[in-house]
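To start, the structure itself, in structure tokens.
When a ligand or atom number is given, it counts from 1 through the structure's own listing order.
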Amino acid sequence: MTTRCLVSISDYSKEEIIEVLQSASEFEKNPNQRLLEGKVVASLFFEPSTRTRLSFETAINRLGGRIIGFADASSSSVQKGETLKDTIKMVDNYCDLIVMRHPVEGAARYASEVAKHPVINAGDGANQHPSQTMLDLYSIYKTQGSLENLNICMVGDLKYGRTVHSLLQAMSHFHPVFHFVAPKELRMPDEYKIYLDELGIPYYEHTELSEQVMNIADILYMTRVQKERFADLLEYEKVKNVYILKNSMLNGTKDNLRILHPLPRVGEIDVDVDDNPKAYYFEQARNGVFARQAIICKSLGIK
Ligand code: CP
């Protein structure tokens, strides 16, 4: 049985991404299977979470596994000064798989080097959120019927938003055209633009969420401005409400357009969008259970 970490979305090849999406589709048809009987999964959340933690826990419960861990590191011996290395070495003694969210970029890679059991990155700082990407891809595939040749419009905090970084890398396998809509302070970091340049993938940068951009999009991927990553809250105040999507802005958009958001939202999508059939963010979060069931099984080498 081969086990596998998922620390960065680039840990999966294109073929593996497709394999996990197929597996997610099977889990959606039949989510209750006892594939994790006798397995213990550690869920270590050093940062707040609703969707990621609870959808991982739902995935594990539906597969018959057991969960240990914490939702708040202040209830662990981290509070007494225990290092991440020691915490991981201890937890690794007790479980078969570690799911970890941590505020420090690279913490998940470090944990994967310390642990004998596989590690799934549930978000590390502004770096990566690969399990979110798998549910995003699954949502895009379900709504568009394909991942190929799509116009993907990413809006908001493209600097600190880890979900857009992982999604950009994953979508790069499927001939996308990207539109990045962000204020200059929150532009897509150069490393990701260089990555696209090297692959010859087109991208366009905008500061306005204009009608022109909205009307060519197949996927409008809205993001929250990540207040917790700002060193200076005055800088956050300047950009926090820079884009607010309203229902009236969707009038000329394509029929197949779907609005995604990793959530939580804090105002960047007006509630008047929620009843529009193009709003897909709540279904997107539901897809997280099936995508995470597929990732867990792949990580543990369970067919
Ligand atoms: N999408 C996401 O990571 O949400 P949570 O922070 O609630 O887990």
Side-chain angles (χ1 to χ4, degrees), residues 6-9 20 24 41-62 67 69-75 97-108 111 119-140 142-143 152 154-171 186 219-230 236 240 245 258-269 273-274 279-296:
L6 177 60
V7 172
S8 164
I9 196 65
V20 171
V41 180
S43 165
L44 309 182
F45 279 73
F46 294 81
E47 264 193 347
S49 169
T50 296
R51 278 145 294 275
T52 309
R53 186 172 67 82
L54 295 181
S55 62
F56 264 116
E57 293 192 4
T58 304
I60 295 159
N61 280 310
R62 290 202 182 281
I67 303 155
F70 49 79
D72 178 356
S74 67
S75 67
L97 172 70
I98 297 173
V99 175
M100 186 180 87
R101 170 171 288 188
H102 199 281
V104 175
E105 294 181 25
V119 172
I120 299 174
N121 181 6
D124 62 327
N127 186 31
Q128 286 268 324
H129 195 349
S131 70
Q132 175 73 43
T133 297
M134 291 310 306
L135 78 90
D136 291 343
L137 293 178
Y138 186 50
S139 300
I140 294 170
K142 277 176 68 178
T143 60
I152 309 286
M154 296 176 166
V155 182
D157 186 348
L158 307 187
K159 179 179 180 184
Y160 297 121
R162 56 195 172 199
T163 64
V164 289
H165 302 157
S166 299
L167 183 59
L168 175 153
Q169 289 184 312
M171 282 305 299
L186 299 177
I219 293 293
L220 188 60
Y221 195 95
M222 300 295 295
T223 64
R224 173 179 68 91
V225 177
Q226 308 274 302
K227 182 179 182 182
E228 63 275 30
R229 312 265 178 247
F230 281 74
Y236 168 74
K240 68 177 184 185
L245 182 67
R258 290 296 177 273
I259 301 151
L260 271 57
H261 191 312
L263 304 177
R265 66 173 159 183
V266 291
E268 57 280 352
I269 302 179
V273 178
D274 292 358
Y280 193 74
Y281 27 92
F282 295 121
E283 289 94 330
Q284 179 188 357
R286 177 175 176 272
N287 289 334
V289 173
F290 316 122
R292 288 177 170 126
Q293 286 182 300
I295 293 166
I296 290 165

Just say parallel, tilted or perpendicular for the rings of H102 and F46, cut-offs at 30° and 60°. tilted
Closest non-hydrogen atom pair, P130 against S166: N-OG, 3.9 Å
With sequence neighbours left out, what residues match Y281 under ring-ring contact (aromatic ring centres under 6.0 Å, His included)? none
Measuring from atom 2 (C) of ligand 1, which candidate in T52, T163, L135 has the nearest non-hydrogen atom? T52
For R101 and A122, indicate whether the former's side chain and the latter's backbone hold a donor-acceptor pair under 3.5 Å. yes
Quick one: nearest non-hydrogen protein atom to atom 6 (O) of ligand 1, plus distance? R101 NH1, 2.9 Å
Would you mind running through ligand 1 and noting each atom that sits below 4.0 Å from a heavy atom of L263? 1 (N), 2 (C), 4 (O)
Which residues pass the side chain to side chain contact (heavy atoms under 4.5 Å, CB included) test with T58, not counting sequence neighbours? R62, V289
So if I count the atoms of ligand 1 from 1 in the order they appear, which ones are less than 4.0 Å from some heavy atom of T50? 5 (P), 7 (O), 8 (O)
How far is atom 1 (N) of ligand 1 from its nearest protein heavy atom, and which residue and atom name does that atom have? P262 O, 2.8 Å
Would you say E47 contacts ligand 1, with heavy atoms under 4.0 Å as the rule? no
Could you tell me whether S49 and ligand 1 have an N or O pair separated by under 3.5 Å? yes
Run the side chain to side chain donor-acceptor pair (under 3.5 Å) test on H261 and R224 for me, step by step, so that the C-alpha distance in whole Å, both residues' side-chain angles and the decisive distance to 0.1 Å come before the verdict. CA-CA 8 Å; H261 191 312; R224 173 179 68 91; over 6 Å; no
